[in-house]
Chemist: 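If you scroll down you'll find the structure; I have some questions about it.
Both counts, for ligands and for their atoms, begin at 1 and track the order of listing. Along the sequence shown, residues are numbered consecutively beginning with 1.
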Amino acid sequence: MKGVFVAALGLLVPTNALLRFGCAKSSIQRLDPLVNPGQSPSPHLHQIIGGNSFNISMDPATHDLVKQSTCTSCQFTEDLVDTDHSFHSSNYWTAVLYFKAKNGTFKRVPQRAQQGIESTQGGMMVYYMSDALFDQAQKSKVTAFKPGFRMLVGNVNYNNREEARNFRQLTYICMQNEGTREPETINFPDKPCPAGIMANHRFPTCWDGVNVDSPNHQDHVAYPESGTFESGGPCPKTHPVRLPQILLETVWDTKAFNNKADWPSDGSQPFVWSSGDSTGYSSHADYLFGWKDDSLQKHLDGHTYVSAPTLKTQSIAQQNKCTVKDMVGEDYDSWLKALPGNVMVR
Ligand SMILES: *[C@@H]1O[C@H](CO)[C@@H](O)[C@H](O)[C@H]1NC(C)=O
Ligand SMILES: *[C@@H]1O[C@H](CO)[C@@H](O)[C@H](O)[C@H]1NC(C)=O
């Protein structure tokens, strides 16, 4: 019975090269359990999605993501374990975008969900790709992350184009409308973007095959030696294992800040990351893998679907309800005299 059903679907839905799902905001706070474990507050503000076991410290030796979450803010809940109510509970986070007004105060830029999932509160769109984004049929094999895997992409201290080229796939799209996907730039757009600024975070896709983490959370992974993941670029010998490409899309809803009269009179653009960067070159994102056992591998091995008939999903209302309590307790939403943490703009 089941086989017939799957075969019939197979005719209608080609096996796709990616998993794509929306995630609501689970919290916004000054915590970073990857880079600053145990430190509350961490230096700058983050927006976080995923499982609700997100915490100040998440040492994989003591903090098993899968077992400690009771919900996830993401659409797929494939890994719900009925006996102990565990959810698949990866966590993903990025810095937060602020608008700097002419009078020197800052206002947090809200996030907007994409078309089709409009009622999702804040959050991001998450992709796990085994081929290029627009490939309909799956061609390649990728090796899913192992338990305890974590990584960081980008560098919070970068402030020029040459440095930013080290992470050539962290980009911005100035959205003219919902469908705009190009051009991509590695600096903040210099003109108002009517439908918002999309920040894209593509994580490295080559792994050393041994370490699930490294002291700087980066050395165990690498970008392809040449080209990109999407173009099928080869992995370097030092990092021979091809991982799925994680892409995070965050749409920063700049509508309230697009009046040119409110922009700096020197012609510069008014947006800054919560880390103080006004160029866009310091874009970065963090990932903690939390899929249960080999479930991600199974979904990537030729049974992955954009519309995910094989994956359990939850309603957007349920996603929105999965929040993490504010453990820092600071105001990040008023017109602020300084960025949270008194971070200086540079
Ligand atoms: C966060 O960690 C603290 C200390 O380990 C613990 O008491 C608390 O229950 C954790 N919170 C969540 C939401 O897991
Ligand atoms: C600064 O400018 C913003 C935007 O125009 C305005 O909403 C806010 O009230 C101003 N704050 C002060 C202290 O003037």
Side-chain angles (χ1 to χ4, degrees), residues 23-42 45-74 77 79-81 84-93 96-110 123 147-148 150 192-193 197 252-272 274 278 286 288-290 292 318-340 342-343 345:
C23 300
K25 163 187 86 181
S26 66
S27 73
I28 294 181
Q29 44 188 334
R30 228 158 23 100
L31 294 179
D32 190 335
L34 184 62
V35 177
N36 308 104
Q39 191 180 331
S40 175
S42 66
L45 191 68
H46 291 118
Q47 56 108 0
I48 301 130
I49 61 169
N52 68 340
S53 72
F54 179 88
N55 210 330
I56 298 165
S57 283
M58 298 180 74
D59 180 346
T62 55
H63 192 109
D64 184 337
L65 285 163
V66 171
K67 294 219 177 72
Q68 294 193 12
S69 285
T70 55
C71 65
T72 170
S73 73
C74 296
T77 62
D79 304 309
L80 171 66
V81 177
D84 64 358
H85 298 281
S86 295
F87 283 72
H88 99 67
S89 57
S90 300
N91 282 117
Y92 317 74
W93 63 93
V96 170
L97 200 66
Y98 276 87
F99 170 77
K100 186 180 183 201
K102 274 182 167 167
N103 63 17
T105 62
F106 299 87
K107 182 76 178 166
R108 183 173 73 89
V109 179
R150 38 197 56 207
C193 305
I197 297 173
W252 298 97
D253 188 356
T254 54
K255 262 195 298 302
F257 312 105
N258 280 347
N259 183 353
K260 263 314 258 245
D262 298 333
W263 281 39
S265 31
D266 67 1
S268 62
Q269 65 82 39
F271 297 103
V272 294
S274 50
S278 58
D286 302 66
L288 303 187
F289 170 78
K292 186 172 178 290
Q318 283 171 308
Q319 288 175 241
N320 289 341
K321 265 192 279 186
C322 185
T323 57
V324 171
K325 80 168 191 293
D326 184 350
M327 293 172 254
V328 177
E330 68 184 341
D331 177 13
Y332 53 78
D333 258 350
S334 311
W335 285 94
L336 302 172
K337 289 208 179 68
L339 291 170
N342 283 318
V343 170
V345 174

Chemist: Test of understanding: with side-chain contact (heavy atoms from CB on, under 4.5 Å), list the residues that count as partners of N320, not counting sequence neighbours.
Modeler: A24, T120, Q121, I316
Chemist: List the protein residues in contact with ligand 2, where contact means a heavy-atom separation under 4.0 angstrom.
Modeler: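 Residues within 4.0 Å of ligand 2: A101, N103, T105, W335.
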Chemist: With side-chain hydrogen bond (donor to acceptor under 3.5 Å, both in side chains) as the test, would you mind laying out the steps for T70 and N52 before giving the verdict?
Modeler: CA-CA 7 Å; T70 55; N52 68 340; 2.9 Å; yes
Chemist: Using a strict 4.0 Å cut-off to heavy atoms of N55, name the atoms of ligand 1 that fall inside it.
Modeler: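 Going through ligand 1 atom by atom, the ones under 4.0 Å from N55 are 1 (C), 2 (O), 3 (C), 8 (C), 10 (C), 11 (N), 12 (C), 14 (O).
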Chemist: Compute the centroid of each ring, for W93 and then for F54, and state whether the two points are separated by less than 6.0 Å.
Modeler: yes
Chemist: Excluding sequence neighbours, so at least two apart, what forms side chain to side chain donor-acceptor pair (under 3.5 Å) with K255?
Modeler: D253
Chemist: Can you list the residues that meet the ring-ring contact (aromatic ring centres under 6.0 Å, His included) rule with F106, with sequence neighbours excluded?
Modeler: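 In terms of ring-ring contact (aromatic ring centres under 6.0 Å, His included), with neighbours along the sequence ignored, F106 is linked to no residue.
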Chemist: Does any N or O in the side chain of K25 come within less than 3.5 Å of the main-chain N or O of S73, such that one atom is a donor and the other an acceptor?
Modeler: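 Side chain of K25 to backbone of S73, a donor-acceptor pair under 3.5 Å: no, none is there.
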